[in-house]
2 protein chains.
Amino acid sequence: MRHRHRSGHQWWDGRFRGCGYRITVPRQVILDALSKTNEHLSAEDMYLKVHKIHPGIGLTTVYRTLEILVGIGLLSKFDFGDGRARYELAEGPKGERHHHHMVCTSCNRVIDYTDFIDEEKDLLNKAEKGLSKKHNFKINGHSIQFYGLCSKCS
Amino acid sequence: MRHRHRSGHQWWDGRFRGCGYRITVPRQVILDALSKTNEHLSAEDMYLKVHKIHPGIGLTTVYRTLEILVGIGLLSKFDFGDGRARYELAEGPKGERHHHHMVCTSCNRVIDYTDFIDEEKDLLNKAEKGLSKKHNFKINGHSIQFYGLCSKCS
DNA sequence: GCTGTTAATGGAAATCATTTTCAATAAGAA
DNA sequence: TTCTTATTGAAAATGATTTCCATTAACAGC
Ligand SMILES: [Mn+2]
Ligand SMILES: [Mn+2]
Ligand SMILES: [Zn+2]
Ligand SMILES: [Zn+2]
């Protein structure tokens, strides 16, 4: 009964195989863990989480897997200024999860928000067009974040 | 004649002394170098640049000075994803230099732009107000950057 | 289901940016 | 000039991420 979720195919199976990657136990476990959290985990966070159930999985493999997932666009990688990279599912079974972040400069808490996303999209589209024309720069993505103090720290 | 610029007071003198810091040769040299470039230098870039004229100045001091300058708001510190922090004068003798960045994911070139800054400001103000109300988050700053391919790489 | 090829794994060692330590030096108040 | 103490620079330490490499496991083809 346990681990039943690992028998059949997963929503990311196709994408994964399509890129020529093998589906291995560590990769399934890591993807599972990512699917079940909405935190912004670091590689080590991930390792510790996974390690409780699967002590065999090494930190190196976690790093490698995260890098692959970023590479095929399933994961987003962030730097929130605390000296380690943090990751978050870019796309779930239901589709995109586009949002931006507020980072507390005191306790490092990261808060997702989707407010103003529509207005942002307008501006970003406009900017992307204008900038790619004016500076001849082909824009593929963007990153926006606010820094400040969260409710508990202010 | 050379180094005359270091005799008198500089535009940053007051701010610097006001924070209780001593004005030392390494600090003057580093600030001078920063004033004369519009690149986005890393600590090591800075060290190498300064080292040509002042071989005595150590990398440690460069790191320390940059950190102080960020602390008092004279410098902005960025992470453009190439594994090292990069710095740029936040404020010149003439005042603010607010702008955002486009980062080439192929050659790591960083391009400043000020286009759409006004529209951005409107959106950011609106967002800051809305978010601080809704999420009870006190916003002090933001970071926006576009990623893509520069003219030479696309 | 077995087999062979080869990608994937994990522990140890290496890397690399940044920080810490500490004895020597220099800024600036008096 | 003198005295106090912040600042400096070399070397060592740190900590996240990568690289090495011998072993293991996916899975395509039988
Ligand atoms: Mn998020
Ligand atoms: Mn800039
Ligand atoms: Zn906080
Ligand atoms: Zn480029």
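Worth knowing before you read on, the calculation uses all heavy atoms, side chains too, and leaves out hydrogens, waters and symmetry mates. In what follows, every chain begins at residue 1, and chains take the letters A, B, ... in the order their sequences are listed.
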*asked:* Check this for me: does any side-chain nitrogen of one of A:Asp13 and A:Arg17 sit under 4.0 Å from a carboxylate oxygen of the other?
replied: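 So A:Asp13 pairs with A:Arg17 through a salt bridge.
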Discussion item. I'd like to check the ring pair (Phe, Tyr, Trp, His ring centres under 6.0 Å) partners of B:His142; sequence neighbours left out, ordered by chain and number.
Written reply: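 With sequence neighbours excluded, B:His142 shows a ring pair (Phe, Tyr, Trp, His ring centres under 6.0 Å) to B:His98, B:His100, given in chain and number order.
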Counting primed atoms, P, OP1 and OP2 as sugar-phosphate and everything else as base, the B/S/- map of nucleotides 19-30 of chain D against protein heavy atoms under 4.0 Å is BB-----BS---
With sequence neighbours left out, what residues match A:Glu88 under side-chain contact (heavy atoms from CB on, under 4.5 Å)?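 A:His40, A:Phe78, A:Arg97, A:His99, A:His101, A:Asp112.
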Just wondering, do [Y] and [X] contact through their side chains at under 4.5 Å, heavy atoms?
X: B:Glu128; Y: A:Phe116; value: no
X: A:Arg27; Y: A:Ile23; value: no
X: B:Trp12; Y: B:Gln28; value: yes
X: B:Phe16; Y: B:Leu69; value: yes

Is a donor on one side and an acceptor on the other found under 3.5 Å between the side chain of [X] and the backbone of [Y]?
X: B:Arg15; Y: B:Ile72; answer: yes
X: B:Arg109; Y: B:Cys150; answer: no
X: B:Thr37; Y: B:Leu34; answer: no
X: B:Thr105; Y: B:Gly148; answer: yes

Exercise. What is the 5' to 3' range of DNA chain C, first to last nucleotide, that sits under 4.0 Å from any heavy atom of chain A?
Worked result: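 So the outermost contacting nucleotides come out as C:dT6 to C:dA12.
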Would you mind reading off the distance between [X] atom [atom1] and [N] atom [atom2], rounded to a whole angstrom?
X: B:Phe16; N: D:dA6; atom1: CZ; atom2: P; value: 15 Å
X: B:Tyr63; N: D:dA10; atom1: OH; atom2: C1'; value: 15 Å
X: A:Glu67; N: D:dA16; atom1: CD; atom2: C1'; value: 13 Å
X: B:Ile57; N: D:dA10; atom1: CD1; atom2: P; value: 11 Å

Requested in this report: To the nearest 10°, let me know how far the axis at one end of the helix from C:dG1-D:dC30 to C:dA30-D:dT1 is tilted from the axis at the other, five pairs an end.
Outcome: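 End-to-end axis angle: 40°.
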Q. CD of B:Glu39 to CG of B:Asp45: how many Å apart, nearest 0.5 Å?
A.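 B:Glu39 atom CD to B:Asp45 atom CG measures 7.5 Å (nearest 0.5 Å).
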Q | Flag if over 12 foreign heavy atoms under 6.0 Å of CG, A:Asn125 | A |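 Check passes, neighbour count above 12.
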Heavy-atom contacts under 4.0 Å between residues 79-87 of chain A and DNA chain D, which residues?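 Of all residues in residues 79-87 of chain A, the ones placing a heavy atom under 4.0 Å from DNA chain D are A:Gly83, A:Arg84, A:Ala85.
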